[in-house]
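Data block below; observations after.
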Amino acid sequence: MHIAMIGTGYVGLVSGACLADFGHHVTCIDKDAAKIDKIKAGVMPIWEPGLEALVKSNIERGRLNFTQELAEGIKDAEAVFIAVGTPARRGDGHADLTYVYDAVRELARAMSRPLVVVTKSTVPVGTGDRIAEILAEEGAPEGTSVASNPEFLREGAAIRDFKIPDRIVVGAEDDKGREVLKEIYRPLFLNQAPILFTSRRTAELTKYAANAFLAMKISFINEVANLCEAVGADVQEVARGIGLDNRIGPKFLHAGPGYGGSCFPKDTLALLQTAEEAGVEQRIISTVVSVNDDRKAAMADRVANALGGSLEGKRVAVLGLTFKPNTDDMRDAPSIPLIKRLQEGGADVIAFDPVGRQQAEPLLPGCAFAENSYAAAEGADAVVIVTEWDEFRALDLDQLASRMRGRALVDLRNVYDRLEAERAGLLHFGVGRGQIGRKPV
Ligand SMILES: NC(=O)c1ccc[n+]([C@@H]2O[C@H](COP(=O)([O-])OP(=O)(O)OC[C@H]3O[C@@H](n4cnc5c(N)ncnc54)[C@H](O)[C@@H]3O)[C@@H](O)[C@H]2O)c1
């Protein structure tokens, strides 16, 4: 099948490359000319494991193309996916649908025959209805179908998630939409991936409910971590103890510096806006959002406490800047408010991230950057692990300690345990690992 993908960001590029890999003919479209030129030259605009090879091999097989021109991109398409950004609108947290609606208007004007228009972007309930209206207003050919197919891939594991999804959700209001999406995903459900057909509104809400639930698990375990610290219990073991229960499950139960990234923060806010408009309270999600905001804000205090209460004149090395490992995405990363607060408290911050520096530098004024973890630790009073990149899991703690002038290892991801750190002469400050009576450095 010929497919067009409007928006060639994380979701559009990964989805487009994977759909081409299934054997479809895919054209990815993006307004950003520099991005399209880069991809055509073999340079990926994002850091995602396996993406470069997947894109290259599908270009070589003639199944994957890139263009800046929407009309050219949809020429042969039967289905057009919309995968543009839906960031939080400044001020109110509403999903900003400008990019979606602009793309739909342009699409309507370029269409010469009815197509299946599929929203892959995360959009509030009712957006599909509005898309159908815009298409009609702009004179799109009759018989055009509008479907919702929210995407659940995770950055850092995006290709695997797309190719071996837990489920595929399709919201369609007519047979044409259902049949075309069934055909597109046929290679996947041959592999037993469940495909759920539902209404468009239900599909739209399913995506928000999924992200809100996962955000809730993170905030839940972070609050349990606070309790562990107060009563001398270990959150890692509590998480294991509850996670082995199938009704709970082990994932998203890692205490840490709070959730960030391109989805959870904006999607929880957008869900609250939808609920407010519908006049329905969502007290749990509302609390999840404030628990997370408070948590992110409190991380610098943990560093200050580990340093005896004050950050003034202290040198702090931050390891890991991206919101999670295996991506260069810095959107809403917990490292940003942490570093800002460390600096406001009078600390000098030097950071290292295995791939995120280019994205991070413009967001972190006044922060110095090191070439590796040990260089960052040089002369530091504290080393703070913020993102659990694999390479931070096997640091030579003796070498790290020998470079530092202080002894605090603030481990916001619980990568190390207290005894390992102590063997290297470091004092370990983990998350939710209550050590009653523990004194700062
Ligand atoms: N990033 C994720 O992990 C993830 C996962 C699941 C769902 N989503 C959702 O998918 C959507 C896209 O997210 P993303 O992270 O890929 O965004 P992104 O910002 O990486 O990419 C969006 C792309 O759309 C392009 N664009 C905007 N308007 C356009 C137009 N009119 N025509 C052509 N191109 C246009 C932009 O130039 C940009 O390259 C969002 O709704 C997001 O919530 C993201």
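Side chains included, hydrogens not; waters and symmetry mates left out as well; all remaining heavy atoms used. We count ligands from 1, going down the list as the structure has it; atoms in each ligand are counted the same way.
Listed by first and then second residue, the side chain to side chain donor-acceptor pair (under 3.5 Å) pairs involving residues 139-150 are Lys120-Asn149, Ser145-Asp174, Asn149-Tyr185 (not counting sequence neighbours). Residue pairs meeting the side chain to side chain donor-acceptor pair (under 3.5 Å) criterion with at least one partner in residues 33-53, sequence neighbours excluded, do not occur; the list is empty.
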Dump the pairs for me: ligand 1 N or O, protein N or O, distance under 3.5 Å, to 0.1 Å.
| from | atom 1 | to | atom 2 | distance (Å) |
| --- | --- | --- | --- | --- |
| ligand 1 | 1 (N) | Glu155 | OE2 | 2.8 |
| ligand 1 | 1 (N) | Ser262 | OG | 3.3 |
| ligand 1 | 3 (O) | Glu155 | OE2 | 3.3 |
| ligand 1 | 15 (O) | Arg331 | NH2 | 2.9 |
| ligand 1 | 16 (O) | Tyr10 | N | 3.0 |
| ligand 1 | 16 (O) | Val11 | N | 2.8 |
| ligand 1 | 20 (O) | Tyr10 | N | 3.2 |
| ligand 1 | 34 (N) | Lys31 | N | 3.3 |
| ligand 1 | 37 (O) | Asp30 | OD1 | 2.6 |
| ligand 1 | 39 (O) | Asp30 | OD1 | 3.4 |
| ligand 1 | 39 (O) | Asp30 | OD2 | 2.6 |
| ligand 1 | 39 (O) | Lys35 | NZ | 2.5 |
| ligand 1 | 41 (O) | Thr86 | OG1 | 2.5 |
| ligand 1 | 41 (O) | Thr122 | N | 2.9 |
| ligand 1 | 43 (O) | Thr122 | OG1 | 3.3 |
| ligand 1 | 43 (O) | Lys266 | NZ | 2.6 |

Next item on the list: For the pair Glu344 and Lys340, evaluate salt bridge (Lys or Arg N to Asp or Glu O under 4.0 Å) and give the outcome as yes or no after the intermediate values.
Entry: CA-CA 6 Å; Glu344 284 166 359; Lys340 191 163 171 274; 3.3 Å; yes
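Of the listed residues (Thr327, Asn326, Thr322), just one forms a side chain to side chain donor-acceptor pair (under 3.5 Å) with Glu155, and that residue is Thr327.
Remark: His24 pairs with no residue by the ring pair (Phe, Tyr, Trp, His ring centres under 6.0 Å) rule, at least two apart or across chains.
Looking only at atom types and distance, the side chain of His254 has no donor-acceptor partner in the side chain of Asn414 under 3.5 Å away.
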